[in-house]
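To start, the structure itself, in structure tokens.
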Amino acid sequence: MNDLEQESIDDFFISVRAHIKNTTNRDRAVQVIETWRAAWIGKNKSITATHSGHGSFLHFNLFLSNQWCHAFAFRSVPRQGMSLRGPDPDRMRRSHKMKANPLDRTPLDRLFEDWSQYPEGRPAGNAIEFFIDETPDTTWTACLQAVRSRLG
């Protein structure tokens, strides 16, 4: 991990600590992110953070079909705490609209199918969303296993 990625993660942790009031959930959120970050290593993977009026986001990016996409993202917002949303909700449009270099969305669609099996996951358009206060550790582990098997 480079310094920029570490700085992005540190900035996101500040947001998580501010937005999650329950100490147990705050500690769990940090542990979940650290576990996922440690598993997201490779030359075709990166992590970036963004902040907007909609909250703070920690994007897990994947180089797929000769283009970068947001594979999934952790989100931190004041009233809802932290959540995981993915796979890339824009994958469908990209696979059709970018005619010169279409996205092969098959791995992301399979990840969507895997994550859809969990009752804690809420539909979020073309993605699934998991909230830290509603999702047990076993589901976080299973979702990470699906990421490893589908996205390498």
Side-chain angles (χ1 to χ4, degrees), residues 5 8-9 11-22 25-26 28-40 42 44-152:
E5 286 180 349
S8 293
I9 292 169
D11 288 346
F12 187 74
F13 282 154
I14 291 168
S15 174
V16 167
R17 288 184 179 105
H19 295 157
I20 300 176
K21 302 306 177 206
N22 180 298
N25 284 340
R26 189 179 321 135
R28 282 184 63 231
V30 169
Q31 183 60 41
V32 165
I33 294 166
E34 282 294 339
T35 302
W36 285 60
R37 182 209 49 83
W40 196 253
N44 293 332
K45 298 174 182 174
S46 70
I47 300 172
T48 56
T50 59
H51 306 280
S52 72
H54 300 288
S56 297
F57 299 85
L58 189 63
H59 301 282
F60 285 68
N61 307 306
L62 178 67
F63 193 69
L64 185 65
S65 301
N66 293 318
Q67 61 182 296
W68 285 98
C69 67
H70 295 306
F72 50 87
F74 285 94
R75 182 177 85 144
S76 176
V77 293
R79 280 184 238 117
Q80 296 175 334
M82 189 200 77
S83 65
L84 165 68
R85 184 180 283 190
D88 182 4
D90 201 26
R91 67 189 182 279
M92 203 170 293
R93 182 188 67 82
R94 262 192 263 230
S95 68
H96 295 291
K97 196 165 185 177
M98 299 181 157
K99 294 181 188 342
N101 190 19
L103 177 71
D104 176 14
R105 66 180 213 214
T106 305
L108 298 172
D109 287 343
R110 288 188 179 144
L111 183 61
F112 177 83
E113 292 168 11
D114 291 345
W115 286 3
S116 296
Q117 296 176 25
Y118 299 100
E120 301 86 6
R122 295 183 183 184
N126 293 324
I128 302 293
E129 190 164 29
F130 295 92
F131 291 89
I132 190 70
D133 59 343
E134 300 173 353
T135 307
D137 292 337
T138 55
T139 303
W140 288 113
T141 301
C143 287
L144 180 56
Q145 275 305 103
V147 166
R148 287 178 173 157
S149 68
R150 299 296 184 193
L151 304 180

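Because only heavy atoms are used, hydrogens play no part in the values below, and waters and symmetry mates are left out as well, while side chains stay in.
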Problem - Worked verdict on Phe74 versus Phe60 for ring pair (Phe, Tyr, Trp, His ring centres under 6.0 Å) - result: CA-CA 8 Å; Phe74 285 94; Phe60 285 68; 5.6 Å; yes

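- Closest heavy-atom contact between Ser76 and Ser15: OG-OG, 3.1 Å.
- For the pair Arg26 (side chain) and Ile20 (backbone), a donor-acceptor distance under 3.5 Å is present.
- With sequence neighbours excluded, no residue forms a salt bridge (charged side-chain N to carboxylate O under 4.0 Å, His left out) with Asp11.
- Proximity of Ile47 to Leu58: side-chain heavy atoms (C-beta onward) are separated by under 4.5 Å at one or more points.
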Exercise for the section: Apply side-chain contact (heavy atoms from CB on, under 4.5 Å) to Cys69 and Leu108, showing your working. Expected result: CA-CA 10 Å; Cys69 67; Leu108 298 172; 4.0 Å; yes

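- A salt bridge between Arg110 and Glu113 is absent, with no side-chain N of the basic residue lying under 4.0 Å from a carboxylate O of the acidic one.
- The shortest side-chain heavy-atom distance between Phe13 and Ile33 falls under the 4.5 Å cut-off.
- Interatomic distance, Ile132 CD1 to Glu120 CD, rounded to the nearest 0.5 Å: 11.5 Å.
- The CG atom of Asn126 sits 11.0 Å away from atom CZ of Arg85, with the distance rounded to the nearest 0.5 Å.
- Note that OG of Ser52 and CZ of Arg75 are 9.5 Å apart. Values are rounded to the nearest 0.5 Å.
- Ion pairing of Arg122 with Glu129 is absent here, as no side-chain N (NZ or NE/NH1/NH2) approaches a carboxylate O to less than 4.0 Å.
- To the nearest 0.5 angstrom, Arg150 atom CZ is 14.0 Å from Leu62 atom CG.
- When all heavy atoms of Ser116 and Ile128 are compared, the pair lying nearest together is OG-CD1, 3.4 Å.
- Residues Trp40 and Phe72 bring their aromatic ring centres within 6.0 Å.
- Put simply, the side chain of Lys21 never gets that close to the backbone of Gly81: no donor and acceptor are under 3.5 Å apart.
- In this structure, the side chains of Phe63 and Ser46 stay at 4.5 Å or more apart for every pair of heavy atoms.
- Contact record, Leu151 with Pro107: CD2-CB, 3.8 Å, taken as the closest heavy-atom pair.
- Considering only heavy atoms from C-beta on, Arg17 comes within 4.5 Å of Val30 through its side chain.
- Donor-acceptor pairing under 3.5 Å is lacking for the side chains of Gln145 and Thr141.
- Here the side chains of Met82 and Phe131 are not in contact, with every heavy-atom distance at 4.5 Å or above.
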Handout entry: Check against side-chain contact (heavy atoms from CB on, under 4.5 Å), Ser83 and Phe130
Key = CA-CA 5 Å; Ser83 65; Phe130 295 92; over 6 Å; no

Practice task
Apply the test side-chain contact (heavy atoms from CB on, under 4.5 Å) to residues Trp36 and Val147: give CA-CA distance (whole Å), side-chain angles for both, the deciding distance (0.1 Å), then the verdict.
Solution key: CA-CA 9 Å; Trp36 285 60; Val147 166; 3.8 Å; yes

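- A distance of 7.5 Å separates OG1 of Thr35 from CG of Leu144, quoted to the nearest 0.5 Å.
- Atom NE2 of His19 sits about 11.5 Å away from atom CD1 of Ile14, to the nearest 0.5 Å.
- Closest approach of Ser56 and Phe12 over heavy atoms only: O-CE1, 3.3 Å.
- Of the listed residues (Thr135, Asn22, Asp133, Asp137), just one forms a side chain to side chain donor-acceptor pair (under 3.5 Å) with Arg28, and that residue is Asp137.
- For the residue pair Trp115 and Leu84, the shortest heavy atom distance occurs at CH2-CD2, 3.8 Å.
- Closest non-hydrogen pair, Ala39 versus Lys45, comes out as O-NZ, 4.5 Å.
- In summary, the side chains of Thr50 and His59 do present a donor paired with an acceptor at a separation below 3.5 Å, with no hydrogens or angles considered.
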